[in-house]
Amino acid sequence: MACCILQALSGILAHMNTPLIVQSDGSILLDVHDPGADEARSAIAGFTELIKSPEHMHTYRITPLSVWNGASAGLQLAEIEQSLSGYSRFPVPGNILFQLRDLYSRYGVITMHATDEEGILELQVHNPDVLAELQENRELNKLTEQTASGFRLHLYQRGTVKQTLIHIGYPVQDLAPLAEGEDYPFALRKTTTSGRPFAPREYQVAAVESFVGDGRPGTGFGTVVLACGAGKTIVGMQAMYRLQTSTLILTTNIAAVHQWIRELVDKTDIPREDIGEYTGERKEIKPITVATYQILVWRPDVESDFPHFSLFSSRRWGLIIYDEVHLLPAPMFRVTAEIQAVRRIGLTATLVREDGREGDVFSLVGPKRYDVPWKELEERGWIAAAECHEIRLPLPAELKIPYATADKRAKFRIASENPLKIEATRQLIAKHPQDAILVIGQYVAQLKKLAAELNAPLITGSTPNQQREEIYQQFRDGEQRIIVVSKVANFAIDLPDASMAIQVSGTFGSRQEEAQRLGRILRPKDRNVLFFSLVSRFTTEEQFSANRQKFLTEQGYKYHIELYDPEV
DNA sequence: GACGTTGAAA
DNA sequence: GAACATTCAACGTC
């Protein structure tokens, strides 16, 4: 009897803090409801890749790159094995451990060094079997010359060789020296222009140190992974400050270019006239220059060369910052391969690319050096603990026929403008009487109706600036706790901080936009923030939710899906 | 300058 | 005034 109780108890205990199921096909399942789920998630995040994240079980996978990124961030093999078995509900399959050790051992087998000869580098292969295998590789033989212990190559093949080797399964540890850029001394401000005290946070400094690495060979380039709202710009700024050299900053769009310039003016003593904007609108090249990827990869036609690549050689840059490095356009790899001697830092919230070129980011920009543990950020109040809820509503019967017969675009609109969303919004607002709420949507007609029903002010693209300011002021003062904003309000304007947002319609396709929108709302606060997204069931709207969900889970947000029943 | 069109990237 | 399931640069027009 006692034995049975013990057995049952240990059965229950086995399900506590053992949220992982490691399967022999390489998938790792994380039971979200296990009390140890958050802890386990943090433990495995450094060497796995998130594949999908529905309600109950999240799927991760061990990939070559995820292991090598872990290795270059300093994770030991023993730690990785410990994290896997420690949280695992069942014994970890032997083939997975074998695969893990094999992958891990490949990191560091090949190293790249300078030689006495001008303009010549060498590869050293520290394993005779691997050396024999590589000596037979045609691609590599085209780029290099064989030596007794490895290969010789020209300086300008530095990037291409690394790319080639990672494609055949061997990451290269690049220990060749980097070039020094022009000096550019400046200081960080102690107070921002608005008078608030400013200092980079511990983890922002630590992230930069992990990439600068005291100038030891093999450091000075790499990628830093940061959750949304954790201050990517500040990490970039700290890197500039640490190196005191002329810097080229590359970003995804013009709005981000302006954002970087604003931040630099606000938080450093760099004079505005030393900061250049290199975009379609302006072509300034200054000691600190901010450019879009778009202009760099622009060319008059497919046959031509990229005229703006000359930006890279127009100055002796000492640092290149790749903002949102997971969005680096493919042609940028070519030019990045040519400038492997320049210090560079990639900033991103996720290493996953839609086109599967993570390996090129790894070998050309650099491996992951630092991963800010989101749980820690949350505990310290640096980013708000966010709860995301997706609420699925039925489509009213009278809309089902129009929906079925509509074309793609009209379908999306019908689903977006589902009239039940108005009632659902009203109920959500009633349930959260303490929160300052933003209602966000894309279709002006729908928002007008909502604003009228909720008796809340509406801001769209055509709202004059003065009126916007008045509404924002009322919101900040607490006179008005709800405002309805259209998509236009996303950009350029400073939305006041809210503690809750309800998205009634939106372009769920663009994850970047989604991130920006969330980042705006989810500022550090003394309380949790809530994000609700209303989606019509069984419609095209649902397809986009999967994308968003994965993205948000990657950021560490909790995500819940609920069904809305109009009878209640 | 402001605005609209076009082509390109993935 | 509404629409836009992306964004940007160049180049044309007024």
Side-chain angles (χ1 to χ4, degrees), chain A residues 250-260 277-284 290-311 323-336 350 352-361 403 406-418 440-451 458-464 467 484-492 503-517 533-536 539-549 551:
Chain A
L250 308 176
T251 68
T252 50
N253 56 40
I254 295 187
V257 169
H258 295 159
Q259 167 84 12
W260 270 94
E277 173 180 339
Y278 196 91
T279 62
E281 292 164 16
R282 290 161 189 214
K283 304 274 182 298
E284 303 157 348
V290 193
T292 60
Y293 291 130
Q294 243 80 12
I295 194 168
L296 287 167
V297 300
W298 183 87
R299 48 183 165 170
D301 55 82
V302 209
E303 262 87 73
S304 315
D305 230 1
F306 299 93
H308 294 292
F309 274 7
S310 61
L311 180 61
D323 194 13
E324 310 285 5
V325 69
H326 62 294
L327 297 171
L328 197 70
M332 287 292 299
F333 289 123
R334 202 186 91 191
V335 70
T336 306
T350 167
V352 179
R353 288 176 65 95
E354 322 274 314
D355 62 356
R357 296 193 68 168
E358 293 92 340
D360 293 313
V361 174
Y403 181 82
D407 68 11
K408 242 179 160 183
R409 184 181 290 174
K411 270 192 164 80
F412 188 74
R413 174 136 201 193
I414 292 171
S416 294
E417 297 198 301
N418 185 345
I440 307 167
Q442 127 158 284
Y443 297 103
V444 177
Q446 179 189 30
L447 293 174
K448 270 192 183 153
K449 234 182 264 171
L450 260 167
L458 168 69
I459 296 175
T460 69
S462 52
T463 311
Q467 203 179 335
V484 182
V485 294
S486 82
K487 186 182 156 184
V488 208
N490 270 2
F491 304 100
Q503 179 169 265
V504 292
S505 57
T507 58
F508 307 124
S510 167
R511 291 203 267 174
Q512 239 185 303
E513 191 187 293
E514 194 73 28
Q516 267 176 350
R517 178 176 291 180
S533 181
L534 305 184
V535 170
S536 295
T539 69
T540 43
E541 260 192 318
E542 273 190 332
Q543 293 160 15
F544 300 105
S545 86
N547 211 13
R548 176 185 44 219
Q549 192 186 331
F551 179 76

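As a basis for the values below, the full set of heavy atoms in this structure was taken, side chains included, without hydrogen atoms, waters or symmetry mates. Each chain gets a letter, A, B and so on, in the order its sequence line appears, and its residues count up from 1.
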| said: Using a 4.0 Å heavy-atom cut-off, does A:Ala445 contact any base of the nucleic acid, only the sugar-phosphate backbone, or nothing at all? | reply: nothing

Counting only side-chain nitrogens and oxygens, does [X] get under 4.0 Å of the OP1 or OP2 atom of [N]?
{"X": "A:Thr292", "N": "C:dA9", "answer": "yes"}
{"X": "A:His326", "N": "B:dA10", "answer": "no"}
{"X": "A:Lys283", "N": "C:dA10", "answer": "yes"}

| message | Out of the candidates A:Ile440, A:Leu447, A:Val535, only one should pair with A:Val504 under the side chain to side chain contact (heavy atoms under 4.5 Å, CB included) rule; please name it. | response |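 So, applying the side chain to side chain contact (heavy atoms under 4.5 Å, CB included) to A:Val504 and each of A:Ile440, A:Leu447, A:Val535, only A:Leu447 qualifies.
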
Please report the distance, rounded to the nearest Å, between [atom1] in [X] and [atom2] in [N].
{"X": "A:Met332", "N": "B:dA10", "atom1": "CE", "atom2": "C1'", "answer": "15 Å"}
{"X": "A:Arg357", "N": "B:dA9", "atom1": "CZ", "atom2": "P", "answer": "13 Å"}
{"X": "A:Tyr278", "N": "C:dA10", "atom1": "OH", "atom2": "P", "answer": "8 Å"}
{"X": "A:Arg334", "N": "B:dA9", "atom1": "CZ", "atom2": "P", "answer": "13 Å"}
{"X": "A:Glu324", "N": "C:dT6", "atom1": "CD", "atom2": "C1'", "answer": "15 Å"}
{"X": "A:Phe306", "N": "C:dA10", "atom1": "CZ", "atom2": "C1'", "answer": "16 Å"}

Side-chain donor or acceptor of [X] paired with backbone N/O of [Y] under 3.5 Å:
{"X": "A:Arg282", "Y": "A:Glu277", "answer": "no"}
{"X": "A:Gln446", "Y": "A:Ser416", "answer": "yes"}
{"X": "A:Tyr278", "Y": "A:Leu250", "answer": "no"}

| request: Determine the interatomic distance between P on B:dT5 and the same-named atom on C:dC4; round to the nearest Å. | output: 15 Å

| Rounded distance in Å between the C1' positions of C:dA3 and B:dG4 | 16 Å

| Which of the following nucleotides, B:dA10, C:dA9, C:dA2, is nearest to the side chain of A:Ile254? | C:dA9

| request: Residues of residues 294-302 of chain A with any non-hydrogen atom less than 4.0 angstrom from an atom of DNA chain C: list those, numerically ordered, please. | output: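 Those residues whose heavy atoms fall under 4.0 Å from DNA chain C, taken from residues 294-302 of chain A in numerical order, are A:Gln294, A:Ile295, A:Trp298.
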
| task | Apply the test side-chain contact (heavy atoms from CB on, under 4.5 Å) to residues A:Thr292 and A:Ile254: give CA-CA distance (whole Å), side-chain angles for both, the deciding distance (0.1 Å), then the verdict. | result | CA-CA 7 Å; A:Thr292 60; A:Ile254 295 187; 4.2 Å; yes

| field | Donor on one side chain, acceptor on other, A:Glu281 and A:Thr279, under 3.5 Å | value | no

| request: Answer whether the closest heavy-atom distance between the side chains of A:Lys283 and A:Ile295 falls below 4.5 Å. | output: yes

